[in-house]
Amino acid sequence: MVGRREKAQSFCKSRVGVAIAIGVLLGCVFALCFPNGFVSISNPAPILNHRFVKSISQVGSTLCEPSERINLLKSEFVAASEKNAELKKQVRELTEKIRLAEQRKDQAEKQVLVLGDQKKAGPFGTVKGLRTNPSVLPDESVNPRLAKILEKVAVNRELIVALANSNVKQMLEVWFTNIKRVGISNYLVVALDEEVAKYCESKDVPVYKRDPDKVIDSVARTGGNHAVSGLKFRILREFLQLGYSVLLSDVDIVYLQNPFFYLYRDSDVESMTDGHDNRTAYGYNDVFDEPGMGWARYAHTMRMWVYNSGFFYIRPTIPSIELLDRVANRLSREQAWDQAVFNEELFFPSHPGYEGLHASRRTMDFYLFMNSKVLFKTVRKDANLSKLKPVIVHVNYHPDKLPRMLAIVEFFVNGKQDALKPFPDGSDW
């Protein structure tokens with residue numbers, strides 16, 4: 001039995017050896033007959049880019065090829081790098097477009113939340129529309145340095161802002177002295193030159209010195225009142241983009257009470273008026289008479305005196321930012337008064353060839369937010385009206401601003417009853 005088993009094992013081993021020998025022999029034969037193998041890759045594109053495969057084969061043979069081939073590969077590498085940079089730029093641009101689209105989507109969703117579900121109209125006399133646009137999504141990347149300042153200065157995300165250069169330093173002192181006296185803490189001076197910035201710092205007045213801007217700085221240093229006024233529409237845009245409501249103030253204003261206690265905040269723009277009575281301030285039906293038209297000689301018109309662009313409250317909404325853009329754009333192209341352009345863009349309706357601004361508006365109480373025409377022509381001469389205490393008085397109708405500002409302080413703050421008497425109703429010229 002043992003002998004048979006040994007013979008069987010020996011036979012198996014010999015068979016395995018023969019099989020291995022035959023396999024090796026066949027391998028050598030096929031290696032000689034088919035050096036590239038049975039399968040050839042006819043289309044490598046699904047696995048590797050054709051150009052990339054070609055480059056690999058080229059790199060593999062560079063040791064045997066001349067230097068011209070190496071230079072060619074280098075040039076291809078430079079071209080590929082440039083193409084890659086271009087693609088990265090396109091990706092950044094597309095990413096920014098997506099971000100803006102998402103921001104608009106968020107604003108639309110907020111608008112839906114404000115408007116709520118669709119409702120049926122109620123009984124006669126009970127229907128009331130909404131007029132308060134939602135605030136924009138704050139974007140601190142617009143100006144991180146200003147964002148940090150506003151975070152410290154603003155109260156309830158709102159503040160008073162004034163632009164000033166060294167030409168108005170005396171009025172500026174009256175302006176912030178009375179703001180401090182009233183107890184207002186949320187105010188900021190945008191310094192248009194280094195002198196004003198240092199002056200405010202020495203007086204412990206919150207100040208923001210803008211980053212250099214060639215176009216704005218040239219006007220800021222040498223411009224008069226109207227030129228400087230035109231800058232505010234460009235500068236204010238950043239405040240709104242950061243999500244803050246701004247009570248824009250010229251420096252020829254005396255503060256007698258805190259204006260934030262008297263705002264409604266139900267509109268995009270809430271402004272003081274240049275009007276001097278109920279009709280001129282809030283609007284009236286002005287009838288135009290043209291006798292030559294006979295029966296149709298009377299044409300009814302709606303009139304209202306303009307808003308004052310030196311004192312208005314503006315909320316951070318899309319219509320508000322569009323207003324600033326429109327006014328700044330026109331002032332950069334036209335020789336125009338900023339207040340006239342401000343009102344035209346705010347009030348002109350849509351018509352053929354023009355799309356009006358869809359912004360809500362509110363006119364401030366002209367006795368509380370008083371212009372100097374109301375004060376010197378009417379209020380000071382009326383025993384009852386002279387007992388009123390306005391929120392602010394804006395010396396906008398008179399060129400002798402500083403002495404009138406000082407007289408206003410004497411009259412309303414120090415109780416000097418004859419302080420306003422020396423001044424004429426209007427100007428001396």
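The chain is numbered in sequence order, starting from 1. Computed from a prediction, not measured in an experiment: that's the story for all the values here.
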_Determine whether a donor-acceptor pair (N or O, by modelled atom type, separation under 3.5 Å) exists between the side chain of K401 and the backbone of V395._
yes

Is the shortest side-chain heavy-atom distance between V189 and W175 below 4.5 Å? yes

From the list T132, N133, D268, side chain to side chain donor-acceptor pair (under 3.5 Å) partner of S360 resolves to D268

Between S309 and L248 the two heavy atoms that sit nearest each other are O-CD1, 3.8 Å

(message) Does R303 qualify as a cation-pi partner of Y284, given the criterion of NZ or CZ under 6.0 Å from the six-membered ring centre and within 45 degrees of its axis?
(response) no

message: Set out, in order, the CA-CA distance, both residues' side-chain angles and the distance that settles side-chain hydrogen bond (donor to acceptor under 3.5 Å, both in side chains) for Y255 and S249, then state yes or no.
response: CA-CA 10 Å; Y255 285 76; S249 173; 2.8 Å; yes

side-chain contact (heavy atoms from CB on, under 4.5 Å) between F412 and L375, intermediate numbers included:
CA-CA 11 Å; F412 287 106; L375 175 61; 3.9 Å; yes

Minimal heavy-atom distance between L172 and A164, with the atoms involved, is CD2-CB, 4.0 Å

CZ of F239 to CD1 of I149, rounded to nearest 0.5 Å, is 8.0 Å

(Q) If we ignore hydrogens and angles and just use 3.5 Å, is the side chain of E410 paired with the main-chain N or O of K416 as donor and acceptor? (A) no

Task: F288 ring center near Y298 ring center (under 6.0 Å) - done: no

Heavy atoms of H394 and N308 approach each other most closely as CE1-OD1, 3.2 Å

Sorted by chain and residue number, the side-chain hydrogen bond (donor to acceptor under 3.5 Å, both in side chains) partners of D266 (sequence neighbours excluded) come out as R362

Taking every heavy atom of P424 against every heavy atom of R404, the minimum-distance pair comes out as O-NH2, 3.2 Å

Rounded to the nearest 0.5 Å, the OG atom of S245 sits from the CG atom of L263 at a distance of 9.5 Å

- prompt: Can you check salt bridge (charged side-chain N to carboxylate O under 4.0 Å, His left out) on K377 and D382, steps first, answer last?
  reply: CA-CA 10 Å; K377 188 177 179 181; D382 187 294; over 6 Å; no

Measure from the ring center of Y264 to the ring center of Y313 and say whether it is less than 6.0 Å.
no

task = Go through the side-chain N and O atoms of H398 and S372 and say whether any donor and acceptor fall under 3.5 Å apart.
result = yes

**Prompt:** Are D250 and K232 close enough for a salt bridge, meaning some N to O gap below 4.0 Å?
**Reply:** yes

Heavy atoms of T301 and N285 approach each other most closely as O-OD1, 3.1 Å

Only one of T177, L256, V254 passes side-chain contact (heavy atoms from CB on, under 4.5 Å) with V409, and that residue is V254

Could you tell me if the side chain of M364 sits less than 4.5 Å from the side chain of T273, heavy atoms only? no

Sorted by chain and number, sequence neighbours left out, side-chain hydrogen bond (donor to acceptor under 3.5 Å, both in side chains) with R181 holds for N178

Pair D274-Q339, side-chain donor/acceptor within less than 3.5 Å: yes

OH of Y244 to CG of L146, rounded to nearest 0.5 Å, is 8.5 Å

Tell me, please, whether F176 has K203 positioned over its six-membered ring: NZ or CZ under 6.0 Å from the ring centre and within 45 degrees of its axis? no

Give me the ring orientation class for F376 and F423: parallel if the planes are under 30° apart, tilted from 30 to 60°, perpendicular past 60°. perpendicular

Salt bridge check, E270 against R265: does any charged N sit closer than 4.0 Å to a carboxylate O?
no

**Request:** Check the pair R315 / E158 against salt bridge (charged side-chain N to carboxylate O under 4.0 Å, His left out), numbers first and verdict last.
**Result:** CA-CA 9 Å; R315 295 178 56 247; E158 58 185 10; over 6 Å; no

| query | Heavy-atom distance under 4.5 Å between the side chains of Q257 and Y262, does that happen here? | reply | yes

Query raised in the report: Do P259 and L368 touch side chain to side chain, with heavy atoms closer than 4.5 Å?
Result: no

Quiz item: Just by modelled atom types, is the I184 backbone N or O under 3.5 Å from a matching donor or acceptor in the N258 side chain?
Solution: no

CG of L159 to NZ of K152, rounded to nearest 0.5 Å, is 14.5 Å

Exceeds 12 heavy-atom contacts within 6.0 angstrom, atom CE of M293: no

Exercise. With a 4.5 Å heavy-atom cut-off, do L163 and L192 have their side chains touching?
Worked result: yes

Output, in order, the C-alpha distance, side-chain angles, deciding distance and verdict of side-chain contact (heavy atoms from CB on, under 4.5 Å) for R237 and D325. CA-CA 8 Å; R237 193 185 202 278; D325 288 351; 2.6 Å; yes

Give a yes-or-no answer on whether the side chains of Q241 and D139 include a donor-acceptor pair shorter than 3.5 Å.
no

What verdict does the side-chain hydrogen bond (donor to acceptor under 3.5 Å, both in side chains) test give for T280 and D277, after you've listed the backbone C-alpha separation in whole Å, the side-chain angles of each residue and the deciding distance to 0.1 Å? CA-CA 6 Å; T280 57; D277 57 22; 2.7 Å; yes

Determine whether L331 and W337 make a side-chain contact, defined as any pair of heavy atoms from C-beta on separated by less than 4.5 Å.
no

* Got a salt bridge between E140 and K148, using NZ or NE/NH1/NH2 to carboxylate O under 4.0 Å? -> no

Rounded to the nearest 0.5 Å, the CZ atom of R330 sits from the CD atom of E345 at a distance of 5.0 Å

Next item on the list: Using a 4.5 Å cut-off on heavy atoms from C-beta on, say whether the side chain of L247 contacts that of F312.
Entry: no

Check your understanding: Do L242 and P138 come within less than 4.5 Å of each other through their side chains, counting heavy atoms only?
Key -> no

CA sep, side-chain torsions, deciding dist, call: K381, D425, salt bridge (charged side-chain N to carboxylate O under 4.0 Å, His left out): CA-CA 10 Å; K381 300 175 182 179; D425 291 354; 2.6 Å; yes

message = Quick one about N396 and N371 (side-chain donor to acceptor, distance below 3.5 Å, no hydrogens or angles considered), yes or no?
response = no

### Query
Can a salt bridge be assigned to the pair E322 and R326 using a cut-off of 4.0 Å between side-chain N and carboxylate O?
yes

Which is it for D211 and R145 under the salt bridge (charged side-chain N to carboxylate O under 4.0 Å, His left out) test, yes or no, and what are the steps along the way?
-> CA-CA 10 Å; D211 293 330; R145 185 166 66 89; 2.9 Å; yes

Practice problem: Examine Y307 together with F347 and report whether their ring centres are nearer than 6.0 Å. | Solution: yes

Determine whether L323 and L346 satisfy the following criterion, side-chain contact (heavy atoms from CB on, under 4.5 Å), listing intermediate values before the conclusion. CA-CA 7 Å; L323 171 65; L346 198 53; 3.9 Å; yes

Looking only at heavy atoms, the pair that brings G275 and V374 closest together is O-CG2, 3.7 Å

dist N414:CG -> I408:CD1 (nearest 0.5 Å) comes out at 13.0 Å

Evaluate S386 against F411 for side-chain contact (heavy atoms from CB on, under 4.5 Å), listing each step before the verdict. CA-CA 10 Å; S386 61; F411 182 82; 4.3 Å; yes

